[in-house]
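Scope of the values below: all heavy atoms of this structure, side chains included, with no hydrogens, waters or symmetry mates. Note on naming: letters A, B, ... go to the chains in the order of the sequence lines (proteins, then strands), and numbering restarts at 1 for each one.
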Amino acid sequence: MSSSILQILNGHVQVAFEALDLPVELGRVVVGSKGDAPFQCNGALAAAKIAKKSPRDIAASVVEKLAGNPDIESAEIGGPGFINLVPAAHVLKARANGLAQSEMTGARPADKIQKFVVDFGGPNVAKPMHVGHLRSSVIGDSLQRLLRFRGHSVVSDIHLGDWGLQMGHLITELQEEQPDLMYFDKDIVDGYPAEPPVTIDDLARLYPLASGKAKEDAERMQRSRTATAELQGGRAGYRALLDHFIKVSIAALKTDFGALGVYFDLWKGEAAVDPLIGPMVEKFKQDGFTEESEGALIIRVDEETDKKELPPLILISRAGAALYATTDLATIQDRRDSINPDTILYVVDFGQSSHFEQVYRAAGKTGLFPREGLEHIKFGTVNGKDGKRFRTRAGGVMRLSDLLSQANEAAASRLSEAGLAKDMDAEERAEVARMVGLAAIKFSDLQNVRTTNYIFDLERFTSFEGKTGPYLLYASVRIKSLLRKADNLGVELGEICPDSEAEKKLVLTLDSFNRALAQAEAKRMPHILCEHVYNLAQAFSKFYADCPVLASDIADDVKSSRLALAELTLRQLILGLGILGIETPERM
RNA sequence: GGUUCCGUAGCUCAACCGGAUAGAGCACCUGCCUUCUAAGCAGGGGGUUGUAGGUUCAAGUCCUACCGGAAUCACCA
């Protein structure tokens, strides 16, 4: 595996800095921001103070050291002391062919391989998936793919919300509707039917109903709380209902996530760790980490250095129920014992920052799990055009399935508008529309910086021009078409000789794949990879416009060179898109 | 009110330990399909990076204050 062009230049410049008795780290080469030079070194500016010389003088000395270096075509001083670097043609060529021979097109495994648990999706039983779930799902999915691609071992877990008050709501609301069901009879403890008493639509209806009532009626709320506590206490009829609810929900969720192309290794939920809670709480008590406060059992997690007051973590509520934080702690214990990960990532919106801060501190304090191994991969909320949380006109949230079908329809009509895919049969057209619609949605979500809120705009999610998923698919499909045509003409892949500006730019972009991957991993930020694949597609489009591959007046070796460059680009595009969870059709 | 995050072109967003003239897309204007997919390419206009200070050779980026928005502030998840 050849070194990246940036690494090669970096090596030379650092040697030059060292030779001048300047700190090696100042010789760092970065991608250039100005002018024609693809790379630059800004170290001369920073070195000025140490060396007590002007930045331009230092830059001049460095450039002198670099003179005659066969890997460097030019090193020139710009502005107050920037060193602009252009790699030699043979470096570009060698790297291009090295990348072409690399199965992973230059991507390398991470230096330090770890075991990760990625906790994302996190839908609640009974609540249908809405657009708010989109971000956790696509970001989490992209991160699990990225981490695996980088060589890490990953276990993803949907972490279903199936244990809290919402279950009490569902049980009590169902009881109001169908009081005669045997599940509500305390005297019956087994022999429940295998058929669920509810459908997913029932659940979706019952929950908001109960939640709404409980908000206005304290007595109604109390019944839900009591039912929750009884469920957690092991009341048989309620447990049987819970199992039905979970089963019905998982079936519906598998459809939703399947449509999104998002998969989980584990479909565990909060209820699964219930048996761990009792002993865990007992141990916390014995170890002296807990105290009673206002009737609840708590763990104090505030620290001297805090600016803000962090409330204590509530382990057991006054009503005797385990809460969100309790099951999260038990889940950590479960994962530690069954998976033993180095790091657990929680892909959850930033509204829950303080909750996770409490849980992580408690986990660290009690020795359950090292604090550093717990990371909240927070993301911003999806807002409407008014800057508030996204709502449809009716006031509810938009269902994810509605969003998917709208994107699908938009893609289908775009296909017929453009007169594309005329020769496809109905099945292939539908499949292409599905891929295009999904690519549009995923890319428009993933390209945003994870941590900021963004404005939900259906038009943006169903737009196919410019910086969009479909643009990336389009670039891929054009290459596939090119390769098919080349195959028919008997043109074969050959040695890459990047001559034109468009070819050089394309090689430089291809060269930066591994950096984008490494950075996206380090920051847990998929948008960095989005940026890379978009740059790649752009560089290819320019190459495609500027450099005919199969035209009859092109020399055979140039054809083969350009074809190989296109083929390499395709492989890297597919790899990059794959990590973003985006599939590529054969044609569109 | 306390705390955290955010404020960049008309709109939606980038900007890699602080680096040159702050970049893309959409929208708008001008070119380019008798040869590889025009969902494309080339070019143009569009900015006091919320405001005021400070640190630095250098600030969208770091510090302080203020303005505006969002989230959150113990028994929901």
Side-chain angles (χ1 to χ4, degrees), chain A residues 25 28 30-35 40 42 45-46 48-49 54-55 78-82 84 122 124 127 161 163-166 169 211 214 221 224-225 228 270 293-298 306-319 321 323-325 327 349-355 358 378 380-381 383 385 387-389 414-415 417-418 420 436 444 447-449 451-455 457 459-460 463-468 470-471 473-475 477-479 481-482 485-486 489 515-516 519 523 527-528 531 534-535 538 541-542 544-546 548-553 566 587-588:
Chain A
E25 60 274 15
R28 199 168 66 101
V30 295
V31 172
S33 55
K34 287 283 169 287
Q40 66 184 52
N42 305 328
L45 295 151
K49 204 173 271 180
S54 85
F82 300 99
N84 293 319
N124 285 324
K127 293 191 203 167
W163 195 234
L165 181 67
Q166 80 265 26
H169 278 325
S211 170
M221 174 63 95
S224 289
R225 288 225 165 95
T228 306
E270 299 174 320
S293 171
E294 298 174 35
L297 191 69
I298 63 164
D306 287 347
K307 277 191 195 168
K308 57 179 174 181
E309 282 179 47
L310 194 66
L313 177 145
I314 298 179
L315 210 51
I316 302 292
S317 78
R318 198 180 304 148
L323 301 175
Y324 187 26
T327 52
D349 78 87
F350 65 15
Q352 301 183 41
S353 299
S354 57
H355 161 73
Q358 290 176 317
K378 55 188 85 170
T381 54
N383 294 345
K385 287 186 177 174
K388 312 250 177 183
R389 262 180 205 272
R414 182 77 182 92
L415 269 179
E417 258 173 48
L420 292 167
V436 170
S444 58
Q447 68 168 307
N448 293 289
V449 176
T451 48
T452 57
N453 295 347
Y454 72 81
I455 311 277
D457 180 0
E459 262 177 58
R460 190 161 61 101
S463 113
F464 306 127
E465 282 164 26
K467 194 171 182 179
T468 63
Y471 173 84
L473 298 190
Y474 185 63
V477 161
R478 291 213 285 192
I479 304 177
S481 170
L482 200 56
K485 206 151 278 184
L489 293 170
R515 280 201 300 282
Q519 206 175 11
K523 297 193 167 181
H527 87 276
I528 294 170
E531 203 68 27
Y534 177 66
N535 289 337
Q538 246 185 346
S541 294
K542 173 147 184 62
Y544 188 81
D546 286 5
V549 178
L550 301 174
S552 52
D553 58 338
R587 38 183 204 159
M588 61 189 269

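- In this structure, the CD atom of A:E531 is 11 Å from the P atom of B:A24, given to the nearest Å.
- The side chain of A:I314 approaches B:C75 more closely than any other nucleotide in the set B:C57, B:A77, B:C75.
- The shortest distance between side-chain heavy atoms of A:F350 and A:N453 falls below 4.5 Å.
- Contact annotation: A:T452 side-chain N/O to B:A14 OP1/OP2 distance is under 4.0 Å.
- As judged by a 4.0 angstrom heavy-atom cut-off over every strand, A:A214 is placed among residues making no nucleic acid contact.
- Computed from coordinates, the A:I528 CD1 to B:A24 P distance equals 19 Å when rounded to whole Å.
- Atoms CZ and CD, on A:R28 and A:Q40 in that order, are 10.5 Å from each other to the nearest 0.5 Å.
- When distances run from any side-chain atom of A:V436 to the nucleotides B:A39, B:C41, B:A74, the shortest one goes to B:A39.
- Rounded to the nearest 0.5 Å, atoms OG (A:S54) and CG (A:L45) are 10.0 Å apart.
- Within 4.0 Å (heavy atoms only), A:G466 reaches sugar-phosphate atoms of the nucleic acid but no base atom.
- For the pair A:E459 CD and B:C11 P, the interatomic distance rounds to 15 Å; values are reported in whole Å.
- Base contact: A:S293 has a heavy atom under 4.0 Å from a base atom.
- Atom NE2 of A:H527 is separated from atom P of B:G23 by 17 Å (rounded to the nearest Å).
- Phosphate proximity of B:A77 to A:Y324: absent, as no side-chain N or O sits under 4.0 Å from OP1 or OP2.
- Between B:G50 and B:A70, the two C1' atoms lie 15 Å apart (nearest whole Å).
- Between the side chain of A:R28 and the base of B:C17, a donor-acceptor pair under 3.5 Å is found.
- Across all strands, A:A296 comes closer than 4.0 Å to base atoms (heavy-atom distances).
- Taking atom C1' in both B:G53 and B:C67, the straight-line distance is 15 Å, to the nearest Å.
- In this structure, A:R587 contributes its side chain and A:S481 its backbone to no donor-acceptor pair below 3.5 Å.
- For the residue pair A:T228 and A:G164, the shortest heavy atom distance occurs at CG2-O, 3.7 Å.
- A:G78 comes within 4.0 angstrom of a nucleotide base, judged by non-hydrogen atoms across all strands.
- The side chain of A:L323 lies closest to B:C75, out of B:A74, B:A14, B:C75.
- Checking B:G19, B:U35, B:A39 against the side-chain heavy atoms of A:A551 singles out B:U35 as nearest.
- Comparing the C1' positions of B:A15 and B:U61 gives a spacing of 9 Å, expressed to the nearest Å.
- A:Q538 has no side-chain polar atom (N or O) that falls below the 4.0 Å cut-off from OP1 or OP2 of B:C41.
- A:Q447 and A:Y534 are not linked by any side-chain donor-acceptor pair at a separation below 3.5 angstrom, with hydrogens and angles left out of the test.
- Using a 4.0 Å heavy-atom criterion, one finds that A:L473 contacts no nucleic acid atom at all.
- Ranking B:G19, B:A39, B:C16 by closeness to the A:V31 side chain, first place goes to B:C16.
- For the pair A:K467 and B:C13, the criterion of a side-chain N or O lying under 4.0 Å from OP1 or OP2 is not met.
- A distance of 6.5 Å separates CG of A:L323 from CD1 of A:I314, quoted to the nearest 0.5 Å.
- Using a 4.0 Å heavy-atom cutoff across all strands shown, A:L550 reaches at least one base atom of the nucleic acid.
- If you check B:G46 for Watson-Crick or wobble pairing at under 3.5 angstrom, you find it has no partner at all.
- Not a single donor-acceptor pair, N or O on each side, falls under 3.5 Å between the base of B:A74 and the side chain of A:Q358.
- Across all strands shown, nothing is found opposite B:C33 as a Watson-Crick or G-U wobble partner with both distances under 3.5 Å.
- Comparing A:S353 and A:F464 by the nucleotide of RNA chain B whose heavy atom lies nearest to each, the residue mapping closer to the 5' end is A:S353.
- Contact annotation for A:V449: backbone-only contact, meaning every heavy-atom pair under 4.0 Å involves sugar-phosphate atoms and none involves a base.
- Taking only side-chain nitrogens and oxygens, A:S354 never comes nearer than 4.0 Å to OP1 or OP2 of B:C73.
- Phosphate contact (OP1/OP2 of B:A38, side-chain N/O of A:R478, threshold under 4.0 Å): present.
- In this structure, CG of A:L482 is placed 18 Å from P of B:G40, rounded to the nearest angstrom.
- For A:P312, whose side chain is taken as the heavy atoms from C-beta onward, the closest listed nucleotide among B:A74, B:U37, B:U12 is B:A74.
- The aromatic ring of A:F82 does not sit over the base of B:G19; the criterion of centres under 5.5 Å apart with planes under 30° is not met.
- Here A:N448 lies in heavy-atom contact (under 4.0 Å) with sugar-phosphate atoms only.
- Here the nucleotide nearest the side chain of A:N42, chosen from B:G19, B:A15, B:A74, is B:G19.
- Residue A:E294 places its side chain closer to B:C75 than to any other of B:C76, B:C36, B:C75.
- Positionally, the nearest nucleotide of RNA chain B for A:S463 lies more toward the 5' end than for the other of A:S463 and A:R587.
- Between the NZ atom of A:K378 and the C1' atom of B:U4 there is a distance of 8 Å, rounded to whole Å.
- Under the 4.5 Å side-chain criterion, counting only non-hydrogen atoms from C-beta, A:R515 is in contact with A:V31.
- In this entry the distance linking CZ of A:R460 with C1' of B:C26 reads 10 Å, nearest Å.
- If you measure from atom NZ of A:K49 to atom P of B:G19, you get 16 Å, rounded to the nearest angstrom.
- In B:C33 the base sits syn relative to the sugar, since the glycosidic angle is no further than 90° from 0.
- Comparing the C1' positions of B:G19 and B:U64 gives an interatomic distance of 24 Å, to the nearest angstrom.
- Base contact: A:L45 has a heavy atom under 4.0 Å from a base atom.
- If you check B:G10 for Watson-Crick or wobble pairing at under 3.5 angstrom, you find it paired to B:C26.
- Remark: A:Y534 is not in phosphate contact with B:C13, judged by side-chain N or O atoms under 4.0 Å from OP1 or OP2.
- The two residues A:Q538 and A:Y471 have their closest heavy-atom pair at CA-OH, 3.3 Å.
- Of the candidate nucleotides B:C75, B:C13, B:A39, B:C75 has the atom lying nearest to any side-chain atom of A:S317.
- Look at the P atom in both B:A24 and B:A9: the space between them is 16 Å, to the nearest Å.
- Separating the P atom of B:G7 from that of B:G60 is a span of 14 Å, rounded to the nearest Å.
- Between B:G23 and B:C66, the two P atoms lie 33 Å apart (nearest whole Å).
- Nucleotide B:C5 forms a Watson-Crick or G-U wobble pair with B:G69, both donor-acceptor distances falling under 3.5 Å.
- For A:N42 (side chain) and A:F82 (main-chain N/O), no donor-acceptor pair under 3.5 Å exists by modelled atom type.
- Spacing between B:G40 and B:G25 at atom P, rounded to whole Å, works out to 10 Å.
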